Amino acid sequence: MSLDKPYKDVPGTTIFDADMSRQGYHLNQFCMSLMKAENRARFKADERAYLDEWPMTEDQKLAVLARDLNRCIALGGNIYFLAKIGATDGKSFQQMAGSMTGMSEDEYRNMMVSGGRTIEGNRYTGEKK
Amino acid sequence: MARISASVYTSHVPAVGAAIDLGKTAEPYWQPVFGGYDFSKQWLKEQKPDVIFLVYNDHANAFSLDLIPTFAIGTAAEFAVADEGWGPRPVPKVIGHPKLAGHIAQSVIQDDFDLTIVNKMDIDHGLTVPLSLMCGQPQAWPCPVIPFAVNVVQYPAPSGRRCYMLGKAIRKAILSYDEPLNVQIWGTGGMSHQLQGPRAGLINKEFDTSFLDRLIADPEGLSKMPHIDYVREAGSEGIELVMWLIARGAMDDVNGAGKPPTVRHRFYHVPASNTAVGHLILENN
């Protein structure tokens with residue numbers, strides 16, 4: 001019998017469960033390595049070479065190089081791990097979160113100042129907005 | 001005998017730590033956030049707790065995917081501040097209370113909560129931001145802190161019910177400790193927020209308000225809320241709020257030992273970066 005995953009119909013949301021964690025193990029552990037200043041320097045000096053030291057899939061490496069966080073998450077990345085890439089790039093958590101929404105940095109910041117993204121229409125996929 | 005005098009609840013947004021560290025607390029964007037803690041700073045100075053039992057979650061800093069403990073109690077003499085990728089926050093190291101922490105671990109495990117015991121661990125913003133909000137920028141934190149880390153990174157986090165019952169077991173453990181310590185228990189994280197995917201930026205003020213109301217007046221009922229309600233209504237990272245139920249479960253009234261707690265302070269503000277900030281102080285009667 002398969003596990004119940006009631007969170008599959010939450011729009012625009014990927015829950016980092018055991019299946020995603022298994023898929024993203026090496027991607028996330030690569031991110032973890034960026035907690036050390038010397039690794040951040042080495043990564044920045046030659047990103048592709050640094051990534052090639054990790055047994056990640058080619059798709060995962062390309063997603064990191066493109067800083068496509070939605071793609072990274074689809075391939076098993078977790079936002080708290082991926083945040084280390086943003087930190088290495090000198091980005092704030094707000095810049096990282098905003099980059100996944102299709103909004104500009106200003107648009108996202110203004111949305112937050114105005115009270116954030118509304119829950120109305122955002123509970124279920126396919127829900128009428 | 002040790003006692004729990006009060007519980008404190010607060011969000012632990014990393015940008016709040018950065019705002020403090022970079023001297024931005026008086027800026028118009030941040031002033032409303034920090035203004036909500038003016039009372040709390042004074043209150044904490046007057047309360048002079050001997051130990052703070054601080055429930056938080058690690059954000060892939062002490063624990064990578066190599067090891068994912070659901071409940072981890074820090075029993076070390078001291079804890080270093082983690083480099084989360086931006087360099088370590090310029091805040092004091094955390095002094096632990098190994099004797100009380102060890103006592104709690106032994107008691108709680110015998111009460112069927114299988115804690116992971118951690119003798120070496122760096123602590124991240126989940127723990128240091130609440131301390132900064134409540135203490136400002138001291139040279140040293142005002143008292144020893146027992147870090148208690150809960151997994152909310154890989155789904156599933158422990159259920160609200162499990163957290164609430166664990167709080168009760170922690171209270172029992174603290175009350176059976178021989179020294180007359182004044183202990184506070186803090187629950188941190190939340191409130192509504194989502195940091196990932198196209199739904200990032202979600203805020204649900206109605207949910208948050210109801211959560212605060214029920215945490216005060218109906219924690220038993222609130223503890224039965226399933227994970228999916230947190231995820232759907234409060235965002236994928238809003239699930240951190242289960243940690244507040246550990247602190248609430250440790251209060252006297254829900255253990256048949258006193259009147260409902262006094263609400264000494266309540267605060268709510270949107271936004272701090274991506275997140276709704278919520279804060280409560282409850283005192284045992």
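Lettering of chains follows the sequences in order, A, B, ..., and the numbering in each one begins at 1. Computed from a predicted structure; not experimentally measured.
A donor-acceptor contact shorter than 3.5 Å links the side chain of A:Gln29 to the backbone of B:Leu65. The main-chain N or O of A:Tyr124 is never found under 3.5 Å from a side-chain atom of B:Arg232 such that the two would form a donor-acceptor pair.
The choice from B:Ile239, B:Val231, B:Ile228 that makes the most heavy-atom pairs within less than 4.5 Å of chain A is B:Ile228. When each of A:Gly102, A:Gly86, A:Ala18, A:Gly98 is scored by its heavy-atom pairs under 4.5 Å with chain B, the top score falls to A:Ala18.
For A:Ile79, the part sitting under 4.5 Å from any heavy atom of chain B is the side chain, from C-beta outward, and nothing else. A:Met96 touches chain B through its side chain: at least one heavy atom from C-beta onward sits under 4.5 Å away, while N, CA, C and O do not. In this structure, the portion of A:Asn78 lying under 4.5 Å from any heavy atom of chain B is its side chain and not its backbone. Heavy-atom distances place no part of A:Asn39 under 4.5 Å from chain B, backbone and side chain included. Neither the backbone nor the side chain of B:Tyr230 comes within less than 4.5 Å of any heavy atom of chain A. Proximity to chain B is limited to the side chain of A:Met111, based on heavy atoms less than 4.5 angstrom apart. Only the backbone of B:Thr275 has a heavy atom closer than 4.5 Å to any heavy atom of chain A. When heavy atoms are compared at a cutoff of 4.5 Å, A:Lys5 does not approach chain B at all. For A:Ser99, no part sits under 4.5 Å from any heavy atom of chain B, backbone or side chain. Within the 4.5 angstrom heavy-atom criterion, only side-chain atoms of A:Arg40, from C-beta onward, approach chain B.
Counting heavy atoms from C-beta outward, A:Tyr80 and B:Asp58 have side chains that stay 4.5 Å or more apart. Side-chain contact between A:Met112 and B:Ile203 is present, with heavy atoms from C-beta onward closer than 4.5 Å. Residues B:Ser64 and A:Asn28 fail the side-chain proximity criterion, which asks for heavy atoms closer than 4.5 Å. Within the 4.5 Å cutoff, side-chain heavy atoms of B:Glu233 are placed close to those of A:Ile119. Using a 4.5 Å cut-off on side-chain heavy atoms (C-beta onward), B:Gln194 and A:Asn122 make no contact.
By the neighbour-count criterion of 12 heavy atoms within 6.0 Å, atom CD of B:Glu206 is sparsely surrounded, having that number or fewer from other residues, nucleotides or ligands. The neighbour count for A:Glu105 CD, taken as heavy atoms of other residues, nucleotides or ligands under 6.0 Å away, does not exceed 12.
Separation of atoms CH2 (B:Trp86) and NZ (A:Lys91) is listed at 12.0 Å; rounding is to 0.5 Å. To the nearest 0.5 Å, atoms NE2 (B:His193) and CZ (A:Arg117) are separated by 15.0 Å.
When every heavy atom of A:Asn70 is checked against every heavy atom of B:Pro198, the shortest pair comes out as OD1-CD, 3.9 Å. Among all heavy-atom pairs drawn from B:Gln196 and A:Met100, the shortest one is CA-CE, 3.7 Å. Of all heavy-atom pairs spanning B:Asn274 and A:Ala97, the tightest one is OD1-CB, 3.4 Å. In plain terms, the two heavy atoms of B:Glu84 and A:Lys84 that are nearest each other are O-CD, 3.3 Å. In terms of heavy atoms, A:Ile15 sits closest to B:Ser236 at CD1-CB, 4.0 Å.
Residues passing the ring pair (Phe, Tyr, Trp, His ring centres under 6.0 Å) test with B:His227 are B:Tyr155, sequence neighbours excluded.
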Going by atom type alone, with no hydrogens or angles, which donor-acceptor pairs under 3.5 Å involve a side-chain atom of residues 13-31 of chain B and a protein atom two or more places apart or on another chain?
{"unit_1": "B:Asp21", "atom_1": "OD1", "unit_2": "B:Arg89", "atom_2": "NH2", "d": "2.8"}
{"unit_1": "B:Asp21", "atom_1": "OD2", "unit_2": "B:Arg89", "atom_2": "NE", "d": "2.8"}
{"unit_1": "B:Tyr29", "atom_1": "OH", "unit_2": "B:Ser273", "atom_2": "N", "d": "2.9"}

